[in-house]
Q: 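One structure coming up, written as C-alpha cells, with questions to follow.
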Number of protein chains: 2
Amino acid sequence: MPESFKNGIVERVFRNFLDLMILRLVQIEPMWGYKIIKHVEEQHQIRLRHGALYPLLNKLEKSGFLRSKKETKGGRIRKIYEITSKGIQLAEAYDEFLRGELKKNESTKILQE
Amino acid sequence: MPESFKNGIVERVFRNFLDLMILRLVQIEPMWGYKIIKHVEEQHQIRLRHGALYPLLNKLEKSGFLRSKKETKGGRIRKIYEITSKGIQLAEAYDEFLRGELKKNESTKILQE
DNA sequence: TGAGATATGTCCGAAACAGGACATATTGTA
DNA sequence: TACAATATGTCCTGTTTCGGACATATCTCA
C-alpha cells in the first residue's frame, strides 16, 4: 500500500510539474528530448509522451528557462538543452518551497513521537 | 523576479496538490473547512474556493485519508477533520519523494560550486 | 528491405478541472 | 433589520489539458 502511493505521487508530480522536473534534470545534465523520455522511463517507470514534451521544451526555451544547441550524432539531429540563469532561479524557488514544506512536517513528527 | 517565481509555485502546488496540502495541514492541527481557507489565505496569500475544498474534504473522508467529528460552536456546526493512519501513509510517501528530489539537486549544487 | 530504434514536430477530440453562481442557516454588529 | 462573517454544501460552464494519432527522417540490424 505505501509503495503504490508513491507511484501515484511521482506520476502526479510529472504530470503537473513537468516543466520543473525537466529544468532540474537538465540542470544536473544537459539532455535532448528523446533522452529525457528514456531517462524518466528508467528512473521513475513513467511514460512521458513526446507529444507533450517537445512543445513544452520549445516553450521553455522561448520563455528563457532553457537554451539549446543542435548536435548531429550520426546523421540524426539532437537539440541539447541547457538550463539558463533564469531557469536556475525558477528551480531554486521550487526547491525553497519544498524545503519549507518538509521542515514543517519534520517538526510535526517530533511532536507526535 | 525570484520572489514572483515563488508565489507562482505556491499557487501551483495548492492547485495541483490541494489534497496533500490539506492532509499535512490537518496532520499538524485538526481543522474544519472554513478555518483551512482562512489559514491558507493568511499563511500563503492564496484564495481557496470553498466550492473546491468542501467536495474534496468529503472525498478524502470517503477514501479514508481523513475522519471528521462534528462540533457545535455557538449554534454553528463545524466538521473537524483529523488525519487517519492511511492519510499519514500518503503524506509520508509525498515527503519521501520530495526528500529524494531535494537530495538530487543538492549534489548538483556542490558540483557547480 | 523491412522493422525497430532514434529524433523531433503538430494537431484534434474527449475528459478533467476551475471559478463563480446558487443554496441554506446561524451569529454578531452597526 | 440588514449586512458581514461563520459554516457547509452543490452545480454548471467555459477553458485547459492530455493522450493518441498523424507526420517526417535517419540509422542499424536481421
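The model shown is predicted, which means the values in this text are computed figures rather than measured ones.
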Q: Heavy atom of residues 53-82 of chain B under 4.0 Å from DNA chain C: which residues?
A: B:G74, B:G75, B:R76
Q: Does the side chain to side chain contact (heavy atoms under 4.5 Å, CB included) test come out yes or no for A:L20 and A:V13, once each step is laid out?
A: CA-CA 9 Å; A:L20 282 157; A:V13 172; over 6 Å; no
Q: Which residues pass the salt bridge (Lys or Arg N to Asp or Glu O under 4.0 Å) test with B:K59, not counting sequence neighbours?
A: none
Q: Picking from B:T84, B:L60, B:I36, B:L57, what satisfies side-chain contact (heavy atoms from CB on, under 4.5 Å) with B:V26?
A: B:I36
Q: State the CG-CG distance between B:L18 and B:L53, to the nearest 0.5 angstrom.
A: 6.0 Å
Q: In residues 32-50 of chain B, which ones come under 4.0 Å of DNA chain D, going by heavy atoms?
A: B:W32, B:G33, B:Y34, B:K38, B:H50
Q: Does any residue of residues 9-25 of chain B have a heavy atom under 4.0 Å from DNA chain C, and if so, which ones, in number order?
A: B:R15
Q: May I have all residue pairs that pass side chain to side chain donor-acceptor pair (under 3.5 Å) and include part of residues 64-81 of chain A, sequence neighbours excluded?
A: A:N58-A:K79, A:E61-A:S68, A:R67-A:E82, A:K79-A:Y81
Q: Could you pull out all donor-acceptor pairs under 3.5 Å where a side-chain atom in residues 38-51 of chain B meets a protein atom, sequence neighbours excluded?
A:
| residue | atom | partner | partner atom | Å |
| --- | --- | --- | --- | --- |
| B:Q45 | NE2 | B:E42 | O | 2.9 |

Q: How about CG on A:L102, more than 12 heavy atoms from neighbouring residues, nucleotides or ligands closer than 6.0 Å, or not?
A: yes
Q: Determine which pairs satisfy salt bridge (Lys or Arg N to Asp or Glu O under 4.0 Å) with at least one residue from residues 8-24 of chain B, sequence neighbours left out, and list them in order.
A: A:R12-B:D19, A:D19-B:R12, A:E101-B:R24, B:E11-B:R15, B:R24-B:D95
Q: Where do B:K86 and A:F5 come nearest, in terms of heavy atoms and distance?
A: O-CE1, 3.8 Å
Q: If you round to the nearest 0.5 Å, how far is CZ of A:F17 from CD1 of A:I22?
A: 13.5 Å
Q: How close do A:P30 and A:I80 get, heavy atom to heavy atom, and via which atoms?
A: CB-CG2, 3.9 Å
Q: Might you point out which heavy atoms bring B:L66 and B:I83 nearest each other, and give the distance in Å?
A: CD2-CA, 3.9 Å
Q: Hey, where on DNA chain C does chain A first and last touch, going 5' to 3'? Cut-off is any atom under 4.0 Å from a heavy atom.
A: C:dA5 to C:dC11
